[in-house]
Each structure stands twice: as structure tokens, then as C-alpha cells.
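Sequence lines set the chain letters: A, B, ... in the order given, protein chains first and strands last, and positions in each chain run from 1.
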Amino acid sequence: MPAQTYPWGPSVVWRFVARRLLHALPVLLGTTFLIYTLVFVLPGDPIQGLAGDKPVPPAVLAELHARYHLDDPLWVQYTHYLTGLLTGDLGTTFTGRDVSELLADRWAVTLQLGLTAWVLEVVLGMALGVWAGLRKGKWDDSAVLFGTTLVISVPVFVVGYLAQLVFGVQLGWLPVAGTEGGWPLAYLLPGLVLASFGLAYVARLTRSSLIENLRADYVRTAHSKGLSRRRVVVRHTLRNSLIPVVTFLGLELGGLMAGAVVTEYIFNLPGVGQQLFQSIQLREGPVVVGTTTALVLVFLLANLLVDLLYGLLDPRIRHD
Amino acid sequence: MTDTTRPLEVAGDAAERPATPDPARPPSGERASLSRDARLELRARPTVWIALITLLLMTAMALAPGVLTSLLTEGGDRCDLAHSKQGPSAGHPFGFDLQGCDYLAQVIRGTRPSLIAGLAVTAASLLIAVVLGLLCGFYGGWLDALVSRVTDVFFGLPFVLGATVILVAFPDHGLGAMILVLTVLGWTTMTRIMRSQVIALAGADYVRAARMLGARPARLMVRHILPNAITPVVVVAMLNVGAVISGEATLDFLGVGLQYPEVSWGLQLNAAQAFVLDHPHLLAFPALFLSATVLSFILLGDAARDAFDPRLK
């Protein structure tokens, strides 16, 4: 968008973007460095570690040490690794295939699943939160609070199997697994499972934020000047109450994509997370490291993007 | 998988605001202090009692699994493959697992790693958070800048993904290594909260007064700032225990956590996944125990937050 449309001129916006990018750079570098150090530099031979239980012949070991520059100083090793990452090189499998190639056609599934879950969180989470917040202390408020606490405490894989049993097998409303139904049908149930935790959190956050704002002076003013309850809630209270919720939802988008491992596995969706799970089971170390790194990068980049967008939408953040 | 990190933030909205000392507090101390009010309020809540009793039971199971298994089951230590995956029956209320061992005994034995991981990781993270938060919040400057950047980096690693990538590189790890890894990845939230608390308090009038009276930095930090800054961090710590337990189970379930022949809820759930349809009891019982433990810690944390936050009254 042309920056000139902003009354305060382009410089503020571009300074903000530059500042955020500069801020994100050390985090990106630091995170990749951390992964690299923890996997490849800690005591124990990394090649043997990645190979798992299988013995590695000395010739192969020497060859791999040379290929991954393991006998060079740390910063040289890291530079090689980083250059690889920047050119999209996530390493190779034991059979010599590129990990990035292995993941290429899986990203679409993960993206669809993440987006479905995100939309469910936005719609259902906010609706539940507003409903409970407006009926504070009544039985339905207590029910929402109880239900969300329960959902937060039950691990996602239990929620997943439970949903599969109830909605897929017993009631037969939705496909049990796989992507045959296409989007959105096949993604509804896994999306709901993936979203369950964030949904509960969004509902609670919306509820507490709404309740806090309903007691604010400006809301009392709006009431006292004779506005209808609907207008006070929708136009005055809700707009302010949703600020923390929107912040959370923004950061959630990356988290959902990075966090779909268990859900993709349970519902047999051929996404990036399922690849990660299968590689863990097969003890294919290099694929696990490459896939995880890719997911972490997606998570960080999504967060950066949302951060930028959010700053462009909300002037107060731009000027901090 | 993001789920496991997020209970931390459940308290975040309330906890990040500094708990300014209650101006209405009378000088006579014990009579009507915030902590006394909070104790009374906590005692009056049934959920707190339910959570405490659940956790006491879990602690008993973690401390003395042998006593409980011999009390509750007949020949709990004997495994017979002929009984493999049999459902609940009289004398064996939880049925049998894949190896034909009494499932109640196995589930009781699985308590220990979960509780140890949750408590040890949280205690270590709390210690790091308090020390770093006090130093950074109080002194500021280059130390604060450096630690904040490092916190950003660790915060950028999603909990379970980070743990997966590290643990896969070390296949022969035990519970100790997992605790170390989960601590390395989990100290950031509490440190951030502690730091913002300390920053808000370091400029407070009563701290300035103490400084003018000649108190040294160490005394200011430990005697004056710490007691007022710690409450929100402790609340988050309680919620964190639940999150770590859930995360540890997720890692076990994924196959990167504890390995057989260790016994843990996550491993039992991992073994159960292939038989969910025909033998749901294999999934149900460890899931029930795991959820009850996590729920108890979350209920305690929620209750403590409500009780200690004067603005919610």
C-alpha cells in the first residue's frame, strides 16, 4: 500500500518496519544458532546420535564429518548451516533425498488445517467469551468457565481420539481421518481438535477482558447518556475488550501451523507435522531436525508478519 | 502441540500487571493483610480442596507406588500375556495393558516421572526467573538488554518443537535430561513477568525510601522488592506445573521423551493409540490421571490468581 496515504507521512511507518525487522533478525539468528548448537555441538558424536541405534562405519563417519564441516570451528559450521537454510536446504534424508523436497507438497495441508483451526478459534472462541462475559455469574457463564478449564487440562491427543470416537465413529457426522472429504469437510474435526486449546483460551480471555471493561467509567457514561445496551456492548465495550484477544490470535496463527504434529498424526492428514511424527518413529534424525527447523522458521516468520501488520493497524504500537 | 506452552499465558493477562501494594492496607499488618484475605478466600473454595486432595493422592502414588499397588490390586506386579488388553474386571478395576500387567498398578507407577518433571522444571525455571528478573529489573543497562535478547531467542522456540529437535539428537536420555531441556525452553515466560514486576516496583516510593535510609542493593532486592513482586510469578508457576506435565506426556506420546522400559502416562498413551477403538480403557485411564493432575494445578493457579489480585475483588 502506498505509504503516502498516512497523514503522518511515510517515515514513521518505514521506521517502524525497519525497527521490527532489525529486532527480528537477532531472534532468527539466535534461534537457528540455538538449534544448531544443541543438536550438533553438544558432547557425543552428532552423526552417531542422528543415526540412532545403527552403527556408523568409520569411513562414512569421516565422510559425513567432512561434508557437514564438523571439524571446523563453530562459527564456520554455523555459517555453512545458515547459508543452507537461506537457500532452502534443510538437509537430506538417509536415502539422499532433500528434506525440503519431501515437505514441498505437505505445506498446503498444514496451512489449510492451521487456517481452519484459526477461524474456529476466532469465531467460536470470541462468541463463547462474549456470551459468558455478558452473563457473568449465571449458570451459562459457569458452564463456559468449567468447560474451558476442562479443555485446557486435557492433552490434545486425548481430545483428538475422543473427538474421533464421538463425532467420527459413534455419531458419524464427520470423516474420521484422511483428506478424502476435501476442504473444509475433512478439516473440520481435526481443526476443532487443534483449535480446542486456543479456543478455550480465547473464550476466557474475551470473557475476562469484557468483564473488566464493562466496569469502566466510559461504559457507565455510555449507559447514562441513554444508549441501548446493544450499542454500549458492541460499539463501546467490545472494541476495547478485543485488543488482547486480537494480539493473542495474531501470534496463534504461526503456533497452530507449528503445533499441528499430534493432530495431523491422529487424523492421518499428510501435512508437515505428520512427516515429523513419522520421522521420529523411524528414528530419521536429519529429517526430524530439518522439519522442526522449518516449522520453527514458519512460526517465527508468521509472528513477524502479524507483528508488522498489527503495528500498521494500531498507531499506538507503531509509536512505542 | 502448541497447547503445552500456553497454560503459562492463561495467567499472563492478569499477572503481567504489577501488583502494586494495596494503599488501603492498614498498618497493623496481620489483621487484614492481602495474604490473610487470600488464605481465607482460598479455604472457602471447594475447587481448591478438590485440587489439593487430588494432588495429595498423586503425590502419594509418586512417593510410594509399591504400597498403593499392593493395597489396590491382587498380585499387581505379576504380568501374564494371556491377560493382554483385557478390560476392567473385579479385582482389576482398570483391566490389563498390552503386556498383561495390571493397568491400575502401571498407571500408579506412571505418576512419578510426570510429577517429578512438572515440579523440577517449574522449580528450576522459577529460580532462574527470580534471579534474572531481579537483577535485570533492578540494574537495567547492558545486562538487561542482553538477557532480554536471549529471552527473545528462547521464547521464539515453540516448547514441544524445541524439545523434539534437541531430544532426538540424544536418543539415550533419561528423565534428568528431559528436565534440563524443558527448563532450558521454559524459563522465559516467568522471567519476563518477574522482570516487569521488578521494574515497576524499583521506582516505587517505599523502595526509594529504603534506599535513602541506606539499604544496599541486595537488601533492597531481597527484602523490599521480592516479596511484592513474587506473587504473579508464583501463580504462573503453578499453572506452569500443569503445562510441563502435559508437555512431558506429549513428548513421551510422540516418542521423543522417555523410552521403554520406563513407565509413564505418556508412554502408556503412546502404546494405547493403536487400540483406541477396541480397547478404549487403555487410553482412558492414563488420560484420566494425566488430565486430573493438570487440571488440579490449573485450578490451584487460577484460584491463587483470583485470591491474590485485589483488582478482581
Does any heavy atom of chain B fall under 4.5 Å from the side chain of A:Tyr265, the backbone, both, or neither of them?
side chain
Applying side chain to side chain donor-acceptor pair (under 3.5 Å), name anything that partners A:Thr32, two or more places apart in sequence or on another chain.
A:Tyr78
Measure B:Leu269 against the heavy atoms of chain A and call it side chain, backbone, both or neither at under 4.5 Å.
side chain
Give a yes-or-no answer on whether the side chains of A:Gln275 and A:Ser279 include a donor-acceptor pair shorter than 3.5 Å.
yes
Assess whether a salt bridge exists between B:Asp302 and A:Arg204, defined as any Lys/Arg side-chain N lying under 4.0 Å from an Asp/Glu carboxylate O.
yes
Step-by-step side-chain contact (heavy atoms from CB on, under 4.5 Å) determination, B:Leu167 to B:Val181
CA-CA 8 Å; B:Leu167 289 173; B:Val181 169; 4.0 Å; yes
Does any backbone or side-chain atom of B:Leu288 lie under 4.5 Å from a heavy atom of chain A? Answer side chain, backbone, both or neither.
neither
